[in-house]
Amino acid sequence: QARLVESGGGLVQAGGSLRLSCAASGRTFTRYVMAWFRRAPGKEREFVAHIRLSDSSTYYADSVKGRFTISRDNAKNTVDLQMSSLKPEDTGAYYCAARPESVVRITAQSGYDYWGQGTQVTVSS
């Protein structure tokens with residue numbers, strides 16, 4: 001079974017940068033899609049970005065496009081989220097999630113089977 005552990009969250013000033021990391025273990029699936037979601041205080045969890053590990057293809061929510069970059073390191077079995085030009089509205093708990101590859105795009109939380117515990121990102125103004 002897959003095990004996901006996030007790290008790298010913290011407090012940063014608006015306009016600054018943070019790099020989150022998701023360490024993955026296990027080989028339940030032949031192919032994976034790994035994603036980042038976030039939950040702002042008092043709001044529902046929302047999709048941020050995903051990467052298909054078989055070909056490194058990526059997809060981003062419009063709200064983070066051009067500012068966030070998702071990438072993978074197969075040697076370390078890690079997926080990272082580089083966040084730049086951070087805004088106060090980026091504040092929230094960030095979660096790593098994983099699912100088997102599919103032929104259709106899935107961004108809903110219900111489509112993901114494995115989740116980390118989350119790491120807090122706070123952007124001050």
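When a residue number appears, it is its place in the shown sequence, counting from 1.
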Taking a hydrophobic cluster as the set of Ile, Leu, Val, Met, Phe, Trp and Tyr residues connected by side-chain heavy atoms closer than 4.5 Å, whether directly or through intermediates, do Met83 and Tyr59 fall within one such cluster? no

Holding to side-chain hydrogen bond (donor to acceptor under 3.5 Å, both in side chains), I want the full list of residues that pass it with Tyr95, two or more places apart in sequence or in another chain. none

Checking side-chain contact (heavy atoms from CB on, under 4.5 Å) between His50 and each of Val33, Ile106, Thr58, which is the one that passes? Val33

Examine distances only and state if a side-chain atom of Thr119 and a backbone atom of Tyr94 form a donor-acceptor pair shorter than 3.5 Å. no

Closest non-hydrogen contact found for Cys96 with Glu6 is N-OE2, 2.7 Å

Roughly how far apart are Leu4 CG and Ser25 OG, rounded to 0.5 Å? 7.5 Å

Nearest heavy atoms of Arg38 and Ser63, plus distance in Å: NH2-OG, 3.6 Å

Does Ser57 have any side-chain hydrogen bond (donor to acceptor under 3.5 Å, both in side chains) partners at least two apart in sequence or in another chain, and if so, which? Arg52, Asp55

Under the ring pair (Phe, Tyr, Trp, His ring centres under 6.0 Å) rule, collect the residues that match up with Phe37, sequence neighbours excluded. Phe47, Tyr112, Trp115

For the atom pair CD (Gln82) and CD1 (Ile70), what is the distance rounded to the nearest 0.5 Å? 12.0 Å

Please round to the nearest 0.5 Å and tell me the distance separating atom OH of Tyr114 and atom OH of Tyr32. 7.0 Å

Test side chain to side chain contact (heavy atoms under 4.5 Å, CB included) applied to Arg67 - qualifying residues, sequence neighbours left out: Val64, Ser85, Lys87, Asp90

Restricting to salt bridge (Lys or Arg N to Asp or Glu O under 4.0 Å), what partner residues turn up for Glu101, sequence neighbours left out? none

Qualifying disulfide bond (SG atoms under 2.5 Å apart) pairs, either residue in residues 35-64, two or more places apart: none

Please report, to 0.1 Å, the donor-acceptor pairs under 3.5 Å made by any side chain of residues 7-17, with sequence neighbours excluded.
unit_1	atom_1	unit_2	atom_2	d
Gln13	NE2	Ser124	OG	2.9

Mind checking whether Thr91 and Gln120 have side chains closer than 4.5 Å, heavy atoms only? yes

Could you name each residue pair satisfying salt bridge (charged side-chain N to carboxylate O under 4.0 Å, His left out) that touches residues 12-23, not counting sequence neighbours? Arg19-Asp80

Taking all atoms of both residues into account, what is the closest heavy-atom pair of Leu81 and Ala49, and its distance? CD1-CB, 4.5 Å

Identify, with sequence neighbours excluded, every residue that meets salt bridge (Lys or Arg N to Asp or Glu O under 4.0 Å) alongside Lys65. Asp62

Rounded to the nearest 0.5 Å, what separation is found between the CG atom of Leu20 and the CH2 atom of Trp36? 4.5 Å

Strictly distance-based, threshold 3.5 Å: is any side-chain N or O of Asn77 a donor or acceptor partner for the main-chain N or O of Ala24? yes

Non-neighbouring partners of Ser102 that pass side-chain hydrogen bond (donor to acceptor under 3.5 Å, both in side chains), sequence neighbours left out: Arg99

Please name all residues satisfying salt bridge (Lys or Arg N to Asp or Glu O under 4.0 Å) with Arg45, sequence neighbours left out, ordered by chain then number. none

Please report the shortest heavy-atom distance between Lys43 and Arg39, naming the atom on each side. O-CG, 3.1 Å

If the condition is side-chain hydrogen bond (donor to acceptor under 3.5 Å, both in side chains), which residues does Ser56 pass it with, not counting sequence neighbours? Arg72

